[in-house]
Amino acid sequence: MTAASLRVEGVTAGYGPVRALVDVSVDVPDGAVVAVLGGNGAGKSTLLRAVSRTLAFHGGALRGGSVSFGGRRLDGLAAAELVAAGVVQVPEGRQVFARMTVADNLRAGALGARGGARGRARGGERDRAWGGARARAHRRAAALARVHGLFPVLRQRAQQRAGLLSGGEQQMLALGRALMAEPRLLLLDEPTLGLAPMAAARIADTIREINAQGTSVLLVEQNAAVALKLASSAYVLETGRVALAGPAAELAVSDEVRRRYLGVVDETAAQDAESVSTSLPRLGRWPA
Amino acid sequence: MRGAPRSRRPPPGSRRPEPPSGPDGPAADAAGPVPAAPGVPELRVTGLTVRFAGLTALDDVSFTVRPGSVHAVIGPNGAGKSTCFNVLSGVYRATSGSVRLGGHELTGLPPHRIAGLGVARTFQNLALPPYATVSDTLMLGRHRLTRAGFLAAGLRLPSAAREEARHGARVREIAAFTGLEPYLDHPAGALPYGLQKLVELGRALCTEPRLLLLDEPVAGMTSAARRRTAALVAGIRDSLGISIVLVEHDMGVVMRLADEVTVLDFGRRIAGGAPEAVQRDPEVVRAYLGEAAPEDGGAPAAGRGHR
Amino acid sequence: SGKANDDDAAEGDGGGSELRVGDGVTATTVPLGVLTDMTGVYATLGKSVTQAQQLYFDRFNADGGVCGRTVELTVRDHGYDPQKAVSAYTELEPEVLGFPQFIGSPYVAAVKDRIDGQDKGLVIPQAWSATLLGSENIRQIGATYDVEMINAVDFLVREGAVGKGDRIGHVYFEGDYGENALAGSEYAAEAAGLTVVGKKIKATDQDMTAQVTSLAKAEVSAVLMSAGPRQSASLAGVAAASGLDVPIVGSNPTFAPQLLETAAGPALLKNFHVSTSTLPIGSPEPGPAELAAAYGKEYPGELLDTGVIAGWSAADLFGEALQRACKAKNLTRGGVTEALLSIDSMDTGFGITHDFSDPAEPSTRESLILRPDAEAKGGMVVAEEAFTATAAADYAVGGAEG
Amino acid sequence: MSEPLTAPRRAPRRYALPAAAGAGLLVALALPFYLDRFWLQAGLFAMAAAIGAIGLNLLTGATGQLSLGHAFFLAVGAYGYCALAGGDEEGLTGLGLPTAVAAAGAVLLAGLAGGLLSPIAGRLSGAYLGIATLALIFIGQHLLFNADDLTGGYNGRAVPPLELFGYRFDDSEDVLLNVPFGAAEKLWYVGLALLVAGALFARGVLRGRPGRAMNALRDHRIAAGVMGVPVARLRAGVFVLSSMYAGLAGVLLALVFQRTVPEYFGFVLSLEYLAMIVVGGLGSVAGAVLGAAFVSLLPQVFMRYSESLPLVSATGDGGVAPGEASRYLYGAAVVAVVLFLPGGLARLAPRRRTPEKKEPSDAEDAIQTQTSAHRA
Amino acid sequence: MTTFVELLIGGLSTGSVYALIALGFVVIFKATEVVNFAHASLLLAGGYVAARLSGHIGFWPALAVGIAGAATVGALVEFLVIRRYRGGEHSVLAIATIGVDIVLLTEFTRLIGTDVLTLGDPWGDAVLTFGSVTVPQTRIAALAAAALLITAFLLAFRYTSWGVAMRAAAENREAAALMGVRLGRVSLSAWAVAGALAAVAALFLTVFPTPGLERSTSFAAFKAFPAAIIGGLDSTAGALAGGLIVGVTEAMATGYQAELSFLGRGLGDVAPYLVMLLVLLARPAGLFGTRELTRV
Ligand SMILES: Nc1ncnc2c1ncn2[C@@H]1O[C@H](COP(=O)(O)OP(=O)(O)OP(=O)(O)O)[C@@H](O)[C@H]1O
Ligand SMILES: Nc1ncnc2c1ncn2[C@@H]1O[C@H](COP(=O)(O)OP(=O)(O)OP(=O)(O)O)[C@@H](O)[C@H]1O
Ligand SMILES: [Mg+2]
Ligand SMILES: [Mg+2]
């Protein structure tokens, strides 16, 4: 097994009485980009939460199956320990620290960086810690420069409170923040949500670039066109189960995926659709 | 087929996307394109400027929304679209400029007064209650149309009960229209993202608006759901005849729905007019759409849903 | 139904020779209620008073009790909470003959109407405000706070600490304790041609620096205290440190022996006095000495403070009333109240003779002046034997203002 | 969509509850014939607390406005009643109004006091509002101690007994079915009636249009405003309503105490009311009632049975005093409910038949507002 | 020197103690968004341990142990209560701290019993005199300690990883966890620090001019509420400002009691709260607090 591949095996998870994932297995080989598609409520975010150990924050729990990264079981660790192991998630809905400045958000991103502030700087390792501190500062500066390069707006707005950024700007910040941790595996939950076309394209480029620098990516995306272009393989979730899986290129040409996720309406289907639904939905006016 | 149906008010549904699974009775085809409903006023934004400490989010923006039309506002992230909505709905105060809805000046009014004039909106970042059911959430939309106060509700006066029943029926009607009926008893906060967006839309509809402001209504939806929602929006316009202002990054949806487009960049209006014209406008392409580099799907959102 | 009247036949109908009993008194016991505070703000007081009373009634019972019955105390700790205090009263009232202890004068006031109206049980509150005077059933033992302060002013004048035209500070607690004391000091000051500079504080105020500063500014020649021990310590300490070297006379509750070990100890020893109506527990007189010995034996290691004497005296008074009621063959509430009214000269052995024949009058107008002494048990010794200031003798207790 | 979400979630106990409520009410009506004054008084304290807690739950639970100043409004109710109903005895000022009018007046007065605070209540939220309302406690105490001719100062003021249609709710004994009826017995029915009425009213408010707006305000202020809810006005309105409940509770408390003392209306009382709604369950009427019963009866039970409790010594000679034991338990109970019973006691009540069911205040047990779904 | 100046100096000196208490509130609020009603009992914990030991091991060691003890109590509260809370509402958690406070306060008042515990501190009853104003040396020490600690925390919050982690955790637990912040440790450390600060405050509440530690020492926490709010609940500098303002207000209200008699006697306790209300009317988040930010 390669050093840094993610294996999700037979995972079942849910929220209270709600079962959101049933026996889901997903593989992210080292250095790959893997996409997960699926309708709203299919369980995509739940899958990422199951990997990043944050289900508990939503009142959910992992009920079965295993998750391992680089051969190490993850399902016993705390969310924070995962970051140290190199797995970093960009959560759904951005979740930037609204009252902190953009700069502090990025600093927060670097808190759990591998070999980061916590963990090493303890006890008799003072010397190494000092040496490490300098190296760490360097790496952090480099990471910051990279993030600023990717999203110049984050440099311009460094002192603005993150909560006041526009939706798209927050999305950039969320991604930038995650990159500060220098992840080996990046879990992305709809990174292009709410982004303007150009910005979405830039995110796509960024993902590709990050991936080229050796970070594996597990990508949850509504934007299936982008996702399937970026990914080497893909999974389709439906009501918590894996409905389809395979190389991205193959999925991209499958009718099912084309119709449901790429929004490609092939001619006959379109005809069907139009003949069936000759009308728009209607709602009567409210009197008075 | 890029650029979809452009003719104003095409025969109903002809090139429209598939409708939601809601009821579509035969009554539907009888009604042709509905003109603006009576009493739907024009929205006129003039010289709108909003400044935050050291940042001009909107800079002298003007546009007009014709009664009964869909007016799209597009622009890159941070261009000021949501800020514009926030001013229209009274959440922010404009630094200067005016917003007139028919005879009413909106700037300076508190949000609930603006809502009282028939302006409803959805939120880009969901603003739904975490525990209340969908049905209660929608009922909240009826607030401005109902009267029962502490006394009437506390004493359960018959008037309050009657009001509740009457408006409850309308809420179910709207829920059926938006496809939310099966979820009426679910807590809104635990629904999947896509459905939450629909609840937002339904709640706004429940206020029986004359002007509906939609902030990225299809963001986070699968493409099938996007089509359904777009059809829903078209359905709202056609059956209610109200004006709709739409902020959306999905150019497919914008092109399909909008009668007119205003483009913002860094708070300034850089273009405006008919959708096709705007889409070809080099300034817009530069600032927003990007040189569509087909190789990597440069503007992936654009063209989604129909190519 | 459960509590339907089935004619309580306990009460004898009182032929001259037969003993009348009632209100929980059985063939073997006389139940009394103790409403105390052992967990609230007056916990210090409550604990000493309760223990002293238990000690008293243990002896009382050992000496044969009353009318062949032993006294049984039921203790309720209300933690100085009004709701609990009133509830505790409601709970115990039907079952006991009376209350030798009831801490918290507002709560006594709260049930006053019930006591005077239907209940008619004897209650001895551990508070000496003149506002509680006037009821046959609620009786304090000792001088009221106003009288204490009048005597204190008299002491200061006689000592030459203050003279006509001088100013005298008075630091007092908000509430009837402080306000009653202030009424006394103002009365006495007027009589002696002094001006009172009042400083009202709260029980939560711990630091008297501001008060000292402004008293110094007002150039007072002496200070009266009607607060708690902490406030006296702080005041004495700050005054000494900042050069306000004037005598301080406090009301009875202003001193605790623990204070002598604090930073303010030396200042207290130098300038502090207490005006009170009992001998200190450290006094060599037989009363205090015996009590101190007995208490120390029963509760080794416990502090000997004024609460011990207050509790003992109240119990003693109650015991005396019980004995007299027994003698009058009337061990009912009414009998006890009556018995108390017949006590017009009772020497509890603590330096002062009390007269309970007039409910509208304090049982004494005498005060002793005590001063701290690190060597003495309980930290205080007598500085001046019991006296009544002329002003105190003329004073209409409780005043026109009620 | 995962399937379980569509499963029906209506609990099948719609009919059981009204029946239970009816039975509870009957028991409550019979209690004065069986319980002694101590327990009736304890029950009355609990009823008054329940009324006040319902009011606080409207404000804090349902609208999300934290208030530490509830005790102040209780004081306004209690003293308002005394001042309106009382005469000029003891050197005090009083209007001598008929007591029923005075009681209503006191409730209105409390509402007015709440209204005066609306410039602050309408603007603040969260911890800031909480501590701002704490100021009320101190201001209240200051007024109570200083406005002696209205409040009677430190030793408080006697409470004129209630008189309705010529019937006096005082200690003069009436004998009913061979049971002597004193103040506690008579007031019991007044308390019960007020509690039931107050609870039903609050339930109506919570389930109706105002309740939805209040919850919306709690959940998302801006969205509520945009949906047409007049935020500041509603906040102020709820504050007034909640103060009126507190005022009513104050009136009842005063009647039970027979004398109002300023010290009662302090910080600790405010905290107790907060504890009630949290222990009972935020946002629901049933929660407020259960919490009030728990918080106000627990210490009474403890004090009463202190002797028979292990490890507790009555006189504080070394061991744990009953007062202390009850405080430990009370504190621990608050913590335990917050930690292990999110949603409070109201969550347990419908399912399990606890002995507490017999408590009269549980007549309102049936009340399960929609808002009790609030997950705390 | 005028009365005004005297009162001012006196007020500043008491205010510095309030500032220390308020700082403890602020630290917990910043780290967990919880209003800590148990702070009063942390005060007692620190004071109790230090005072009980000082007779045996001397002042400074006792103080150190007291600080450690209060920190431990704070940490235990976090570990046993705060950490176990599964809901998301800070005000509910604040009520849990009320429960904690009741238990701890009962325990410590029981332990302290009727004693007045003294610390045997090096300052004793020494005072400094400025003109006609005397200020106890202990108060100068308190002011110095408050200024020092508050500066230290200001810097720590702003510039250290610990500070960033703490703010992040307070704001969004999930996101903070995803950034590798160990929520448990961060919140534990905040409570421990708050406990330690409470012990320092208890020190100054126990030494001259107050006679010693007693059960009512914890009431001083009531002065810290308005102090923390006036400054802004999430501002360390605000704690200092708020504490001093409360101290001065109280001193002025007491000092000018005669002139203000129309407002009733005993104004000193209410005045800080009145000032707080005025500040809140003008600035709903206190003088230095961050305003609530919601954008849609
Ligand atoms: N906190 C929660 N409590 C209860 N149920 C939840 C919660 N979060 C998600 N669910 C349910 O779990 C299922 C899977 O949700 P999930 O968020 O994983 O879907 P998704 O594929 O990410 O959808 P979307 O594309 O809308 O983000 C859905 O049925 C949803 O309703
Ligand atoms: N309350 C505020 N305070 C300060 N700056 C603000 C505030 N609200 C918005 N801004 C800023 O104004 C600019 C416009 O924001 P707005 O939300 O209107 O953008 P948008 O066009 O909706 O972007 P997006 O498509 O990403 O949602 C952004 O740069 C944002 O940071
Ligand atoms: Mg999702
Ligand atoms: Mg936006």
Side-chain angles (χ1 to χ4, degrees), chain B residues 85-86 89-91 110-117 119-123 126-133 135-137 139-157 160-161 163-164 167 182-183 185-192 195 200 203-204 206-207 213, chain D residues 1-2 4-10 58 62 64 111 197-234 237-238 240-242 244-245 282-283 285 343 369-376:
Chain B
F85 271 22
N86 282 338
S89 56
V91 177
H112 69 273
R113 295 282 304 282
I114 294 181
L117 293 172
V119 180
R121 72 172 283 188
T122 65
F123 297 91
L126 298 166
L128 292 176
Y131 312 119
T133 61
S135 129
D136 275 341
T137 308
M139 264 314 251
L140 180 69
R142 309 304 290 179
H143 191 86
R144 80 171 183 101
L145 302 162
T146 45
R147 286 289 150 266
F150 287 126
L151 216 54
L155 298 176
R156 283 160 243 237
L157 298 181
E163 186 180 87
E164 198 83 348
H167 288 268
Y183 310 106
D185 283 338
H186 292 270
L191 293 177
L195 280 174
E200 283 256 347
R203 182 173 66 178
C206 279
T207 67
L213 311 174
Chain D
M1 279 312 309
S2 30
L5 249 183
T6 45
R9 27 182 76 212
R10 285 247 166 258
L58 289 176
L200 288 175
F201 188 90
R203 186 173 72 144
V205 167
L206 282 173
R207 287 187 164 181
R209 173 175 178 268
R212 276 192 302 269
M214 284 152 64
N215 289 347
L217 191 55
R218 172 192 66 202
D219 295 336
H220 202 299
R221 182 176 52 85
I222 295 179
V226 167
M227 288 301 128
V229 176
V231 173
R233 181 140 51 90
L234 184 69
V238 175
V240 169
L241 182 65
S242 152
M244 288 172 71
Y245 268 91
L282 279 177
V285 174
T369 61
Q370 291 144 321
T371 45
S372 70
H374 181 36
R375 276 191 283 191

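The sequence lines fix the lettering, A, B, ..., with proteins before strands; numbering per chain opens at 1. Being a predicted model, the structure only gives us computed values, none of them experimental.
- Within the 4.5 Å cutoff, no side-chain heavy atoms of B:H112 are placed close to those of D:V231.
- Considering all non-hydrogen atoms of both residues, D:V226 and B:P111 come closest at N-CB, 4.0 Å.
- Salt bridge status for D:R212 with B:E164: present, with a side-chain N to carboxylate O gap under 4.0 Å.
- Proximity of D:R218 to B:P130: side-chain heavy atoms (C-beta onward) are nowhere separated by under 4.5 Å.
- Ranked by heavy-atom pairs under 4.5 Å with chain D, the first of B:M139, B:R142, B:H167 is B:M139.
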Should D:V229 and B:L140 be marked as a side-chain contact (heavy atoms from CB on, under 4.5 Å) after you check the CA-CA gap, both sets of side-chain angles, and the distance that decides it?
CA-CA 9 Å; D:V229 176; B:L140 180 69; 4.0 Å; yes

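- Looking at B:P110, neither its backbone nor its side chain comes within 4.5 Å of chain D, counting heavy atoms on both sides.
- Contact record, B:A115 with D:G225: CB-O, 4.4 Å, taken as the closest heavy-atom pair.
- When heavy atoms are compared at a cutoff of 4.5 Å, B:T146 approaches chain D by way of both its backbone and its side chain.
- Other residues, nucleotides and ligands place no more than 12 heavy atoms under 6.0 Å from the CZ atom of B:R113.
- When the salt bridge (Lys or Arg N to Asp or Glu O under 4.0 Å) test is applied to D:R209, no partner is found at least two apart in sequence or on another chain.
- Both the backbone and the side chain of B:R147 have a heavy atom closer than 4.5 Å to some heavy atom of chain D.
- Of all heavy-atom pairs spanning D:P230 and B:H143, the tightest one is CD-NE2, 4.0 Å.
- With a 4.5 angstrom heavy-atom cutoff, B:E200 does not touch chain D via any of its atoms.
- Between the CG atom of D:N215 and the OH atom of B:Y131 there is a distance of 11.5 Å, given to the nearest 0.5 Å.
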Any chance you could lay out the side-chain contact (heavy atoms from CB on, under 4.5 Å) test for D:V240 and B:F150, step after step, and finish with the verdict?
CA-CA 11 Å; D:V240 169; B:F150 287 126; over 6 Å; no

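- Contact between B:A153 and D:G208 at its shortest, heavy atoms only, is CB-CA, 4.4 Å.
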